[in-house]
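Here is the structure we will look at.
Chain identifiers are assigned alphabetically (A, B, ...) following the order of the sequence lines, protein sequences preceding nucleic acid strands; residue numbering begins at 1 within each chain.
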Protein chains: 2
Amino acid sequence: MAAKGGSQGKRPQWPTGPLLSMQETGSEPALSIERIVATAVELLDAEGVGGLKMRRLADRLGAGAMSLYWHVDNKEQVFDLALDSVLEYRGTPQSIEAGDWRGAIFHMLEDWRASMLRHPWSASLLPRRALGPNILGRLELLGRVLSRAGVEEADLNGAIWSLWNYVMGATITRANFNLSDEDMLAGQQRLAHLSAQYPTIERARLLLDNDWDGVFRKGLGLLLDGLVPSR
Amino acid sequence: MAAKGGSQGKRPQWPTGPLLSMQETGSEPALSIERIVATAVELLDAEGVGGLKMRRLADRLGAGAMSLYWHVDNKEQVFDLALDSVLEYRGTPQSIEAGDWRGAIFHMLEDWRASMLRHPWSASLLPRRALGPNILGRLELLGRVLSRAGVEEADLNGAIWSLWNYVMGATITRANFNLSDEDMLAGQQRLAHLSAQYPTIERARLLLDNDWDGVFRKGLGLLLDGLVPSR
DNA sequence: ACCTGAACACCGTTCAAGT
DNA sequence: ACCTGAACACCGTTCAAGT
């Protein structure tokens, strides 16, 4: 609550510089938000959401167990910062200029999904956490392109959220199913035993053999076709 | 790992009878999976995912602290059972018979979303947990109606997952934003300060005043129009 | 300004023991 | 068969203290 050390509010103060650009010198460099966040991402990638523990994070940084709390308010803030750091977008150079709004949106949203799948913990985390600058930047870009493509001001929020919903749902589902392929197999085998109760999805082998990328693109295309007026 | 007490596998054994139908007699009735799950749902509704603690759950059941572990393998199983218990679907009486496949799908998916929003903890939980019988039942129904509506066998899984993705994304987002309206307000106010960086979404007031139900229905309609061939 | 270890108040779960 | 309390191995976080 009270101002203490490096951060003065409830909300994280987003670092301004680029992350993940630390030199590993011989002896450990000094602690910093950047190093903490970069190492937290490493730890999350390696062990998942449950694997991020403050003591282990400090260990990996070569720091004393409780040193982190000078740089960071609490564990929640580490999550917020790690999440946003993974969602930077450097893109849409030519397509947006060429007036190819469909290509620009597809590129940004596919990149968004790909970024989250590279860090599977991030997808489930995103909807529950604060919206950092990289997330807001993507939303801003999305809104700008949609608007330029002809979406009315009154329909803009609805269009943005529809796309958000679809991308989040697809990515969260994919990230979690991906984490446990053997679970899906087990599920499908359990289904086979119950094929009397679930004949349709059993026959379609719903829990197996899915072309996730293709499904994602197709649904996204349908949404875009409906949301943006054809001219 | 080894069989112990009431449950013999890693996966939860889903109870067969209806849940939530316990009589509160004068003295506490005996412990049972049904009572445990029903009370877990109460606790989750009242305090959220973080509020479910094994000791508190036992307390609320008037049982000794560790009695639960005879009926349940671990906390994870409590989550699995609570989740599925909340997703029962008794519906589609007339519309599916009348051949109104669009109405049947809309009804089932809107009910799905409504059920999860009545228990906001359930939405974020669902993609990470095992698919219980109630969830599988909804997927089966969805597949059956889509198939009857003319979706090719080869397109069936894609259609089911597209709809799943959209419903999950919309519900998870809504459930989490709902939980912290003041966060959205704070976010929008923070945005106002940064309107130079995010002019489009600031002007559209993206983080405020959203007609969530309308947005959900519209996007769902667009997806259905695209996924099911018109005849 | 920056880091540290000891200590506190929790957790989930195990286990030997009760009825 | 069903329940119990004590105990273990953790957690996040606070705090007084160091440099």
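One atom, NZ of A/K75, and another, C1' of D/dC10, lie 12 Å apart when rounded to the nearest Å. In this structure, A/I33 atom CD1 and C/dA1 atom P are separated by 16 Å, rounded to whole Å. Atom pair B/W70:CH2 and D/dC2:P shows a separation of 4 Å (rounding to whole Å applied). Atom CZ of A/R35 is separated from atom P of C/dC2 by 14 Å (rounded to the nearest Å). The CZ-C1' distance, from A/R55 to C/dC10, rounds to 12 Å in whole Å. Rounded to an integer number of Å, the gap from B/Y69 OH to C/dA17 C1' is 19 Å. In this structure, the CD atom of A/E47 is 16 Å from the C1' atom of D/dC10, given to the nearest Å. The separation between B/L68 atom CG and C/dC11 atom P is 14 Å, rounded to whole Å.
Nearest nucleotide to the side chain of A/L31, out of C/dT4, C/dC3, D/dG12: C/dC3. The A/H71 side chain lies nearest to C/dC3 when the options are C/dC3, C/dG12, D/dG12. For A/K53, taking side-chain heavy atoms from C-beta onward, the closest of the listed nucleotides C/dC11, D/dC3, D/dG12 is D/dG12. Closest to the side chain of A/A30, out of C/dC11, D/dT13, C/dC3, is C/dC3.
Looking at heavy-atom distances under 4.0 Å, B/L52 makes contact with sugar-phosphate atoms alone, never a base. When heavy atoms are screened at a 4.0 angstrom cut-off, A/M66 is found touching base atoms of the nucleic acid.
Using atom P as the reference point in both D/dA17 and C/dC2, the two lie 22 Å apart (nearest Å).
Salt-bridge check for A/R118 with A/D45: failed, with every basic side-chain N at 4.0 Å or more from each acidic carboxylate O.
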Point to revise | Test log, rule side chain to side chain contact (heavy atoms under 4.5 Å, CB included), inputs B/D80 and B/D84 | key: CA-CA 6 Å; B/D80 285 338; B/D84 200 70; over 6 Å; no
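Ring geometry for B/F177 versus B/W212: interplanar angle over 60°, hence perpendicular rather than tilted (30 to 60°). Using cut-offs of 30° and 60° on the angle between ring planes, the pair A/W164 and A/W112 is perpendicular.
Pairing for C/dG12 goes to D/dC8, judged as Watson-Crick or G-U wobble with the two contacts each under 3.5 Å. As the counterpart of D/dC2, C/dG18 is assigned, both hydrogen-bonding distances of the Watson-Crick or G-U wobble pattern falling under 3.5 Å.
Not less than 6.0 angstrom separates the ring centroid of A/F79 from the ring centroid of A/W121.
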